[in-house]
Amino acid sequence: MKSKILPPESIDELMHRAQEMAGLNLGQLAEIHNVAVPSNLKRDKGWIGQLIELELGATAGSKPEQDFLHLGVELKTIPVDESGKPLETTYVTVAPLMNINGLRWQESLVYHKLQRVLWIPVEGIRQKPIGERRIGSPILWTPSEAEMTQIRQDWEEIMELIALGKVEQITARHGEVLQLRPKGANSRALTQSIAQDGQVKLTNPRGFYLKIPFTQQILSRYLTAN
DNA sequence: AGATGATCATAT
DNA sequence: ATATGATCATCT
């Protein structure tokens, strides 16, 4: 019996919805949408993100695009501790491992998704029951030139290693603000990648993630701005 | 304790 | 298999 919430028509409308949602806890929001609150997130890791998508009218789906394509906005929920510090890295997008010769930064999924991000901080303290965790104030972030440069440099370094067939040598320690980590069903999941001799080989799928100190800076930068 | 590598659910 | 939504859980 849930009423479908339509996508917001403007950024103002999106922000208004997000501000109205701030201060609620997840139990209250779940009740509004008639969904059950899981007792933990072990088997429901994306539950919070999808609940908030529902409330804000994001287009559900698995398309590799921004959540609000017509507004140029990507939605990210981010778990934070009591002081507002992120508790986890932030997944951005899968990393392309094939057909990447000549792929430029401005054409990358990372570049497009991070043009503008609506961050929704949510209490993520593991000991706190899911339903009691509160939703924070939204932060609409457009990367500064310096921030984009940092991300771009990490992206280019990582993509070059991938192009050289060295994907398996890349660890999460590479990159100042953007890292490459496994992103798949499990460590047995395989996808095509480039071998050192230029042939095709199989590797675990990877994704790009933003490191915690970077997202922490973003959140704290906007904290006093209201 | 924090970060890295692994994993879970679902849609297409 | 690949994309979305991410957090879990082990290692250092």
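Of the possible donor and acceptor atoms, none in the side chain of A:Gln179 sits under 3.5 Å from a partner among the backbone N and O of A:Phe208. When atom types are taken as modelled, the side chain of A:Asn204 and the backbone of A:Leu190 share no donor-acceptor pair closer than 3.5 angstrom.
Nearest-nucleotide mapping onto DNA chain B: of A:Leu180 and A:Lys85, the residue sitting toward the 5' end is A:Lys85. Between A:Arg173 and A:Thr93, it is A:Thr93 whose nearest contact on DNA chain C lies nearer the 5' terminus.
Residue A:Pro79 has its side chain nearest to C:dT7 when only C:dT7, C:dA6, C:dT4 are considered. With distances taken from any side-chain atom of A:Arg43 to the nucleotides C:dA3, C:dT7, B:dA9, the minimum falls on B:dA9. Checking B:dG5, C:dA3, C:dA6 against every side-chain atom of A:Pro64, the shortest atom distance belongs to C:dA3. Closest approach to the A:Arg181 side chain among B:dG5, C:dG5, B:dA9 is made by B:dG5 (side chain taken as heavy atoms from C-beta onward). Closest to the side chain of A:Glu88, out of C:dC8, B:dT4, C:dT4, is C:dC8. Comparing atom distances between the A:Lys183 side chain and each of C:dT4, B:dG2, C:dA9 picks out C:dT4 as nearest.
The distance between atom CG of A:Leu41 and atom C1' of B:dT7, rounded to the nearest whole Å, is 14 Å. C:dA1 atom P lies 15 Å from atom CZ of A:Arg206, rounded to whole Å. Rounded to an integer number of Å, the gap from CH2 of A:Trp47 to C1' of C:dT4 is 18 Å. The distance between atom CD1 of A:Ile212 and atom C1' of C:dT7, rounded to the nearest whole Å, is 11 Å. Regarding A:Phe208, its CZ atom lies at a distance of 16 Å from the C1' atom of B:dG5, rounded to whole Å. Atom CG in A:Asn40 sits about 13 Å away from atom P in C:dT7, given to the nearest Å. In this structure, the CD1 atom of A:Ile78 is 9 Å from the P atom of C:dT7, given to the nearest Å. In this structure, A:Leu87 places its CG atom 13 Å from C1' of C:dA6, rounding to the nearest Å.
The stretch residues 108-134 of chain A touches DNA chain C through A:Lys113, A:Arg126, each having a heavy atom under 4.0 angstrom from the strand. Heavy-atom distances under 4.0 Å link DNA chain C to A:Leu190, A:Thr191 of residues 184-194 of chain A, given in residue order.
Among the atoms of the strands shown, base atoms are found under 4.0 Å from some heavy atom of A:Gly46. Using a 4.0 Å heavy-atom distance criterion, A:Asp67 is classed as a sugar-phosphate-only contact.
Between A:Trp105 and A:Tyr111, the two ring planes are perpendicular [angle over 60°; tilted spans 30° to 60°].
For A:Lys45 against B:dT7, a side-chain N or O and a base N or O form a donor-acceptor pair under 3.5 Å. No donor-acceptor contact under 3.5 Å links the side chain of A:Lys211 to the base of B:dT4. On a pure distance criterion of 3.5 Å, no polar donor-acceptor pair joins the side chain of A:Tyr209 and the base of B:dA3.
The distance from the CZ atom of A:Arg206 to the CZ atom of A:Arg181 is 11.5 Å, given to the nearest 0.5 Å.
Taking a cutoff of 4.0 Å between a charged side-chain nitrogen and a carboxylate oxygen, A:Lys128 and A:Glu123 qualify as a salt bridge. At a threshold of 4.0 Å, the pair A:Lys76-A:Glu74 counts as salt-bridged, since one of the basic side-chain nitrogens sits closer than that to a carboxylate oxygen. Using a cut-off of 4.0 Å between Lys/Arg side-chain N and Asp/Glu carboxylate O, A:Glu147 and A:Arg152 are scored as not salt-bridged.
Under the 4.5 Å side-chain contact rule for hydrophobic residues, A:Val80 and A:Tyr222 share a cluster. In this structure, A:Leu178 is not a member of the same hydrophobic cluster as A:Tyr209, with clusters built from ILVMFWY side-chain heavy atoms closer than 4.5 Å.
Residues in residues 82-108 of chain A take part in these salt bridge (Lys or Arg N to Asp or Glu O under 4.0 Å) pairs, two or more places apart or across chains: A:Glu88-A:Arg126, A:Arg104-A:Glu107.
Between A:Gln50 and B:dT10, a side-chain N or O to OP1/OP2 separation shorter than 4.0 Å is absent. At the phosphate of B:dA3, neither OP1 nor OP2 sits under 4.0 Å from any side-chain N or O atom of A:Thr89. The side chain of A:Tyr91 contributes no N or O atom lying less than 4.0 Å from OP1 or OP2 of C:dT7.
Nearest heavy atom pair, residue A:Gly207 against residue A:Tyr91, reads CA-CE1, 4.2 Å.
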